[in-house]
Trainee: 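This is the structure I have questions about; it appears just below.
Every number for a ligand or one of its atoms is a count from 1 in the order of the listing.
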Amino acid sequence: MSEFATGDGVNTKDATLLSVRQLRTWFELRRWGLLKVGDVRAVDGLDFEMRRGEAVAFVGESGCGKSSLARTLLGLYRPTAGSIWIEGEDMAGFDRHQLHLYRRKIGYVQQDPYAALPPFMQVRRILREPLIVHGNRDREDQERKIRAALREVRLEPPETYLTKFPHMLSGGQQQRVVIARALILKPALIIADEPVSMLDASVRVEILNLLRQIQQQRNLTLAFITHDLSTVRYFANRIMVMYAGQIVERAPVDTLLDQPRHPYTQALLEALPDPDPDNAQKIRRLPKGEPPSLVSPPSGCRFHPRCPHAIKGLCEIKPPPEFPIAPEHGAACWLNQPS
Ligand code: SF4
């Protein structure tokens with residue numbers, strides 16, 4: 001069932017590509033590799049949907065679980081509990097063969113393009129690999145698809161790049177090859193995990209522009225994982241803010257950036273650099289304290305040890321549910337409880 005009713009005439013039930021229910025990805029923590037001493041609750045009870053053709057940003061500090069979520073969606077981590085429905089099938093119960101077919105539906109753009117590309121392979125071979133792994137043995141068709149993928153990421157003319165090794169390319173060109181590899185099987189969903197954080201500032205906008213253009217032209221569904229709220233207005237349709245393995249606020253991008261209702265989202269926005277030169281000296285930082293341990297997260301609201309608005313006797317005891325605020329806008333904070 002769809003999560004939201006939209007006012008734009010979109011039938012979200014039919015438009016839903018991905019539906020995640022009560023998803024948990026926990027990792028056992030063992031002492032000396034033997035005795036289990038706890039679980040790292042990297043992803044802890046997520047519910048969300050993604051519609052076809054939309055870009056959703058998952059935002060939060062390091063260690064909030066967003067990269068574990070990405071790897072779980074990719075099928076690299078097995079969920080501990082919950083379900084991931086994609087195009088009507090529950091991925092959590094897939095066997096190895098089904099998982100192999102499922103991975104074809106998802107393209108992955110990693111954070112570090114140099115580490116993501118095999119250093120001993122030329123670009124042609126790098127782009128050919130996924131085609132071979134998924135059963136394409138037609139050399140001519142492979143070559144056609146490889147050249148088309150290079151053109152799509154603006155590495156033109158393709159013959160200039162086909163025989164290059166990754167170390168012969170700039171960081172921006174490497175990331176374009178990573179994007180071409182993610183696109184070559186025509187996936188339904190792209191997961192971009194901090195796709196520009198390792199690149200020079202001058203190249204970041206180009207790569208974000210490229211991803212946005214491809215997403216819009218192909219009507220791709222895109223999960224954009226980032227710690228940087230400043231890039232998402234320009235890029236995403238909706239934002240989900242994550243803290244300690246959970247979603248604490250979700251909303252359409254303009255709503256969330258202009259009217260944040262969770263103190264953690266407000267703190268993330270407060271910490272953004274102010275473009276106004278008069279405020280250049282203003283110190284901007286996140287609330288005191290560190291993100292909590294995912295082995296023993298705080299009781300009640302997980303943000304309560306850092307929250308300037310914590311309500312004594314409530315927030316440290318009772319976890320807040322997600323309260324609806326407006327269509328598609330919800331925040332897991334007692335301050336949003338209807339009176
Ligand atoms: Fe702060 Fe309480 Fe809201 Fe948590 S529930 S964010 S501690 S006010």
Trainee: Does the Lys NZ or Arg CZ of Lys164 fall within the cation-pi geometry relative to Tyr161 - under 6.0 Å from the ring centre and within 45° of the axis?
Mentor: yes

Trainee: How long is the span from the CG atom in Asn219 to the OG1 atom in Thr221, to the nearest 0.5 Å?
Mentor: 7.0 Å

Trainee: Could you list which atoms of ligand 1 come closer than 4.0 Å to a heavy atom of Cys315?
Mentor: 2 (Fe), 5 (S), 7 (S), 8 (S)

Trainee: Tell me, which protein residue and heavy-atom name are nearest atom 3 (Fe) of ligand 1, and how many Å apart are they?
Mentor: Cys333 SG, 2.3 Å

Trainee: What's the spacing between Leu199 CG and Ser170 OG if we round to 0.5 Å?
Mentor: 9.0 Å

Trainee: Examine all N, O or S atoms of His262, backbone included, and report whether one is under 2.8 Å from atom 4 (Fe) of ligand 1.
Mentor: no

Trainee: Under a 4.0 Å threshold between the charged nitrogen and the carboxylate oxygen, would Lys145 count as salt-bridged to Asp141?
Mentor: yes

Trainee: In ligand 1, which numbered atoms sit nearer than 4.0 Å to a non-hydrogen atom of Leu335?
Mentor: 8 (S)

Trainee: Can you pull out the closest protein heavy atom to atom 4 (Fe) of ligand 1? Residue, atom name and distance to 0.1 Å, please.
Mentor: Cys301 SG, 2.3 Å

Trainee: Out of curiosity, Leu131 CG to Arg144 CZ, how far, rounded to the nearest 0.5 Å?
Mentor: 11.5 Å

Trainee: Dump the intermediate steps for ring-ring contact (aromatic ring centres under 6.0 Å, His included) on Phe224 and Phe58, then the final yes or no.
Mentor: CA-CA 6 Å; Phe224 181 58; Phe58 294 83; 10.0 Å; no

Trainee: Where on Pro263 is there a heavy atom closer than 4.0 Å to ligand 1, on the side chain, on the backbone, on both, or on neither?
Mentor: side chain

Trainee: Considering only heavy atoms of His309, which atoms of ligand 1 have at least one such atom less than 4.0 Å away?
Mentor: 8 (S)

Trainee: Who's the nearest protein heavy-atom neighbour of atom 5 (S) of ligand 1, and how far?
Mentor: Trp334 N, 3.3 Å

Trainee: Do the side chains of Glu143 and Arg139 get close enough for a salt bridge, i.e. N-O under 4.0 angstrom?
Mentor: no

Trainee: To which protein heavy atom is atom 1 (Fe) of ligand 1 closest, and what is the distance rounded to 0.1 Å?
Mentor: Cys307 SG, 2.3 Å

